[in-house]
Q: 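One structure coming up, written as structure tokens, with questions to follow.
Because the structure is predicted, anything quoted here is derived from the model rather than measured.
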Amino acid sequence: MNFRQILTAPNQLTLLRMIFLPFIVINLLKHDYKWALALFVLAGLSDGLDGLLARTLHQQTLLGQYLDPIADKLLISTMFLVLSIERMIPWKFTVVVFSRDISILLISGVLFMIAGLRDFRPSLFGKANTFAQVAAIFFVLLLLVEPARWVWIARTIFPRATFFFTIISAVHYAFLVQHRLHAPAPPPALKS
């Protein structure tokens, strides 16, 4: 890996998102919900901005391809865990989120070692799942800051949407993996 990959603007933003995480958790545990929410929103904005910068500046790197989803999963998983510990999100949602992510991580590792599969791009269901997870966390935090009825409704809907999309995306992922395993191997490159 080239050290300069770390210095690209998108990868710096991804690292910044990872640095935000302990401060989000600290503010959440101190019951300083405005700061926890503000930092969570900044982390979310940095996630969108790093992808945009990578494409716009042509700074897509191998490090970024691995670091970005790691930062996303670390942020989302930690938030679900802390919010469940603080009794703000029921444990069943956190268990489903962790079960899916750990299963995908283990299966991806095994498939890489056994079959050399590397292409694990998120599907439409996976993206919907991530959106539902982020929205669930956002509205749980927002309800602590702004206890309006519409926020309570959204805070009720998005954890359920997370549960639904987590199950659907896991099943879809299993079908994709099965399809990729049974797909014919690409022909070997001809040497000239």
Q: Atom CZ in F98, atom OG1 in T166: separation rounded to 0.5 Å?
A: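 Between atom CZ of F98 and atom OG1 of T166 there are 12.0 Å.
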Q: Show your working on side chain to side chain contact (heavy atoms under 4.5 Å, CB included) between M18 and L74 and close with a plain yes or no.
A: CA-CA 8 Å; M18 294 171 87; L74 191 60; 4.0 Å; yes
Q: Below 4.5 Å, heavy atoms only, C-beta onward: do I167 and R100 meet side chain to side chain?
A: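 Not touching, per the 4.5 Å side-chain cut-off.
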Q: When you measure from the side chain of N129 to the backbone of S169, do you find a donor-acceptor pair of N or O atoms at a distance under 3.5 Å?
A: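 Judged by distance alone, no pair lies under 3.5 Å.
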Q: Counting C-beta onward and ignoring hydrogens, is there a side-chain heavy-atom pair between V134 and M79 closer than 4.5 Å?
A: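 The answer is no, as the side chains (C-beta and beyond) never meet within the 4.5 Å cut-off.
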Q: So, do L142 and R155 sit near enough that their side-chain heavy atoms are less than 4.5 Å apart?
A: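 They are not in side-chain contact.
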Q: Report yes if some heavy atom in the side chain of D101 is under 4.5 Å from a heavy atom in the side chain of F80; otherwise report no.
A: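 With C-beta onward as the side chain, the pair stays apart.
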Q: Do I70 and L15 sit in one hydrophobic cluster, given that two such residues count as connected whenever their side-chain heavy atoms are within less than 4.5 Å of each other, even indirectly?
A: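 Both belong to a single hydrophobic cluster.
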Q: Kindly indicate, with the supporting measurements, whether the criterion side chain to side chain contact (heavy atoms under 4.5 Å, CB included) is fulfilled by H172 and L124.
A: CA-CA 10 Å; H172 184 247; L124 180 63; over 6 Å; no
Q: Atom CG of L49 and atom CG of L13: how far apart are they, to the nearest 0.5 Å?
A: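 So the gap between those two atoms works out to 5.0 Å.
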Q: Same cluster for F164 and V97 if Ile/Leu/Val/Met/Phe/Trp/Tyr side chains link at under 4.5 Å?
A: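 No: no chain of side-chain contacts under 4.5 Å links F164 to V97.
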Q: For the CD1 atom of I102 and the OG atom of S77, what is their distance to the nearest 0.5 Å?
A: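 Here the interatomic distance stands at 8.0 Å.
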Q: To the nearest 0.5 angstrom, please state how far the NZ atom of K73 sits from the OG1 atom of T78.
A: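 Between K73 NZ and T78 OG1, I get 12.0 Å after rounding to 0.5 Å.
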Q: Pairs under 3.5 angstrom only: tabulate donor-acceptor contacts from the side chains of residues 30-41 to other protein residues two or more places apart or in another chain.
A:
from: H31; atom 1: ND1; to: Y33; atom 2: OH; distance (Å): 2.4

Q: Are V151 and F158 connected in a single hydrophobic cluster, I mean Ile/Leu/Val/Met/Phe/Trp/Tyr linked by side-chain heavy atoms less than 4.5 Å apart?
A: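 F158 and V151: one cluster.
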Q: How many angstroms lie between CZ in F131 and OG1 in T162, if you round to the nearest 0.5 Å?
A: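 Here the interatomic distance stands at 10.0 Å.
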Q: Answer yes or no: does atom CZ of F23 have more than 12 heavy-atom neighbours from other residues, nucleotides or ligands under 6.0 Å?
A: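 Counting other residues, nucleotides and ligands, CZ of F23 stays at 12 neighbours or fewer.
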Q: Please list all pairs passing the side-chain hydrogen bond (donor to acceptor under 3.5 Å, both in side chains) test where one or both residues lie in residues 144-154, with sequence neighbours left out.
A: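 Applying side-chain hydrogen bond (donor to acceptor under 3.5 Å, both in side chains) to every pair that reaches into residues 144-154, excluding sequence neighbours, yields nothing.
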Q: A132 and F165: which non-hydrogen atoms are nearest, and at how many Å?
A: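 Reported closest heavy-atom pair: CB-CD1, 4.3 Å.
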Q: Identify the heavy atoms of I137 and I76 that sit nearest to each other, and give their distance.
A: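 It is CD1-O, 4.0 Å.
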Q: Could you give the distance from CG (L143) to CE (M88), rounded to the nearest 0.5 Å?
A: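 With rounding to 0.5 Å, CG (L143) is 10.0 Å from CE (M88).
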Q: Do V95 and L83 belong to the same hydrophobic cluster, where Ile, Leu, Val, Met, Phe, Trp and Tyr are linked whenever their side-chain heavy atoms lie under 4.5 Å apart, directly or via other members?
A: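 V95 and L83: separate clusters.
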Q: Kindly say whether I89 contributes a backbone atom to a donor-acceptor pair with the side chain of S84 at under 3.5 angstrom?
A: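 Pair found, side chain donor or acceptor close to backbone of I89.
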Q: Stepwise, does the side chain to side chain contact (heavy atoms under 4.5 Å, CB included) test hold for V145 with L141?
A: CA-CA 7 Å; V145 174; L141 294 174; 5.9 Å; no
Q: Taking L21 as the starting point, is it possible to reach I19 by hopping between hydrophobic residues whose side chains are less than 4.5 Å apart?
A: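 Yes: a chain of side-chain contacts under 4.5 Å links I19 to L21.
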Q: Contact between R160 and T156 at the side-chain level, heavy atoms closer than 4.5 Å - yes or no?
A: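 They are in contact (side-chain heavy atoms under 4.5 Å apart), so the answer is yes.
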